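In this text, all values refer to a predicted model and were calculated from it rather than measured experimentally. Starting from 1, each residue takes its place in the sequence as its number.
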Amino acid sequence: MENNFYLTQQMDAIFTAPHTPAGLDFRRTDIPLPKPNQALVKVKAFTLNQGETRTALSTTESYIVGWDFAGIVVKAAEDGSTPKEGTRVFGYIAQGSWAEYLVVPGGLMAEIPEGITDAQAACLPIAGLTALDCLDASGDIQGLRVLITGAAGGVGRFACQLAANAGAKVFAVSRRTELANLLQNPSGIFKDAAEAKAAGEYDIIWDSIGGDTLATALTALSRNGICINYGNSAREFSKINIRSAGWPLHRIKCIWLGREPLYPSTPMLERLAAMVENGSLNTPIDLELPWKSIFTAVNKLLQQQVNGKVVLHVA
């Protein structure tokens with residue numbers, strides 16, 4: 001594919017639209033030109049994440065939104081560092097997956113195994129990697145009490161499965177009354193962190209909510225417990241009483257792929273795909289829509305009407 005292809009061909013993409021009621025709009029734009037270490041990928045599906053969506057709707061800049069994607073390589077990297085043309089791939093980028101085409105280096109994607117759909121693959125990158133990173137950072141959790149906040153969300157649903165598969169006793173925090181039917185035999189489900197604290201202490205806490213939830217959760221850690229925070233969906237500061245939290249006795253870690261990306265991510269993406277392929281990990285798809293229904297999908301996500309992931313298919 002010659003460079004003049006990019007000069008004459010355009011694509012549809014979803015841009016941020018600051019200072020407009022919708023905050024997003026579809027525009028025609030040039031197909032991106034890949035660097036020598038990047039492949040050009042035709043996007044088949046993408047999923048929404050709270051972080052990218054809220055940031056897009058609050059920004060004052062105009063850019064193509066999106067992290068997760070599943071698609072097909074239409075031009076491999078010149079340096080040979082990516083899958084070859086025609087390969088089905090999935091992964092993530094910092095910006096630009098809500099589009100017909102994107103460019104991505106080999107370290108941020110992996111091949112999609114046969115038997116896994118584009119929708120399943122698109123669910124895995126950000127949510128799956130975050131949950132898997134929490135698991136790896138926690139060490140051996142066999143038999144331990146693990147509390148997971150925001151358990152009905154994309155990361156939370158993966159986190160609950162991974163913790164259960166690792167032999168932990170899983171406790172979930174969510175206001176979704178139907179969550180019990182979606183998880184793998186949880187040891188307990190609580191409406192908030194205060195109710196969870198009243199039920200005992202926890203060896204491991206994976207928190208995505210921040211704010212008062214994180215502050216309360218820290219006081220529910222067992223001696224030498226580990227708390228990993230990977231989000232702040234509450235969009236609030238956490239006010240922590242150091243004495244009641246027993247701070248010197250705990251290990252606190254923050255995981256955020258935007259700040260500390262797992263590069264290369266390919267090995268972890270392959271681990272996730274292998275779990276889906278062998279049936280040990282379920283992709284929690286709650287809703288699938290054509291990408292022209294982006295406004296419906298965004299509204300449902302922000303109003304917390306999505307249990308797991310919403311997938312958009314690119315025509």
Side-chain angles (χ1 to χ4, degrees), residues 47-55 67-68 92 123-138 141 145-164 166 168 170-176 179 182-184 186 188-197 202-221 225-240 245 250-262 268 272 281 283-284 286 300-310:
T47 59
L48 307 189
N49 298 281
Q50 286 277 355
E52 69 193 333
T53 305
R54 291 185 181 278
T55 299
W67 297 340
D68 297 329
Y92 68 99
C123 289
L124 293 173
I126 295 299
L129 285 174
T130 301
L132 187 56
D133 199 13
C134 286
L135 178 66
D136 289 349
S138 299
I141 63 175
R145 289 167 59 90
V146 177
L147 180 67
I148 300 171
T149 71
V155 180
R157 292 281 299 282
F158 281 126
C160 288
Q161 292 182 73
L162 292 174
V170 179
F171 297 83
V173 173
S174 176
R175 296 183 182 276
R176 310 286 179 87
L179 186 61
L182 303 175
L183 300 182
Q184 296 174 284
I189 298 179
F190 310 105
K191 66 180 180 180
D192 54 35
E195 186 175 88
K197 178 182 176 181
Y202 304 91
D203 305 296
I204 309 286
I205 296 175
W206 298 343
D207 171 63
S208 64
I209 300 178
D212 291 339
T213 294
L214 175 58
T216 300
L218 285 172
T219 67
L221 274 173
I226 299 173
C227 179
I228 299 176
N229 169 268
Y230 53 88
N232 182 18
S233 62
R235 293 183 167 259
E236 299 173 349
F237 290 108
S238 296
K239 300 178 181 179
I240 302 169
H250 304 317
R251 171 180 158 197
I252 315 297
K253 181 176 176 64
C254 176
I255 291 176
W256 179 42
L257 296 185
R259 185 186 68 183
E260 45 189 62
L262 306 168
M268 293 184 73
L272 290 167
L281 185 67
T283 49
D286 185 53
K300 285 183 175 294
L301 181 71
L302 298 183
Q303 293 173 17
Q304 297 185 330
Q305 296 177 355
V306 177
N307 287 323
K309 300 291 289 181
V310 54

| said: Any side-chain to backbone donor/acceptor pair from Thr55 onto Glu52? Under 3.5 Å, distance only. | reply: no

| task | Please name the pair of heavy atoms, one in Thr53 and one in Leu48, separated by the smallest distance, quoted to 0.1 Å. | result | OG1-CB, 4.2 Å

| Mind checking whether Asp203 and Ile141 have side chains closer than 4.5 Å, heavy atoms only? | no

| Validation row: Val155, Ser208 side chains within 4.5 angstrom (heavy atoms) | no

| said: Do Leu214 and Cys227 make a side-chain contact, defined as non-hydrogen atoms from C-beta onward lying under 4.5 Å apart? | reply: yes

| said: I'd like to check Leu132 versus Leu135 (side-chain heavy atoms, cut-off strictly below 4.5 Å). Are they in contact? | reply: yes

Can I get a per-line list of side-chain donor-acceptor pairs under 3.5 Å for residues 156-164, giving both atom names and the distance, sequence neighbours left out?
| unit_1 | atom_1 | unit_2 | atom_2 | d |
| --- | --- | --- | --- | --- |
| Arg157 | NH1 | Asn307 | O | 3.3 |
| Gln161 | OE1 | Asn282 | N | 2.6 |
| Gln161 | NE2 | Arg157 | O | 3.4 |
| Gln161 | NE2 | Asn282 | O | 2.8 |

| task | Heavy atoms only: give me the nearest Glu195-Lys191 pair and the separation to one decimal. | result | OE1-N, 3.0 Å

| Residues forming a side-chain hydrogen bond (donor to acceptor under 3.5 Å, both in side chains) with Lys300, sequence neighbours excluded | none

| So, do Leu129 and Tyr92 sit near enough that their side-chain heavy atoms are less than 4.5 Å apart? | yes

| Looking at side-chain heavy atoms only, is the closest gap between Val170 and Arg145 below 4.5 Å? | no

| field | side-chain contact (heavy atoms from CB on, under 4.5 Å) between Thr283 and Lys309, worked out | value | CA-CA 8 Å; Thr283 49; Lys309 300 291 289 181; over 6 Å; no

| task | Determine the interplanar angle of the Tyr202 and Phe190 rings, folded into 0 to 90°, and report it as parallel if under 30°, tilted if 30 to 60°, perpendicular if over 60°. | result | perpendicular

| remark: Those residues at least two apart in sequence (or on a different chain) that pass salt bridge (Lys or Arg N to Asp or Glu O under 4.0 Å) with Asp136 are Arg271

| request: First locate atom CG of Leu301, then atom CD of Gln50, and finally report the distance between them rounded to the nearest 0.5 Å. | output: 4.0 Å

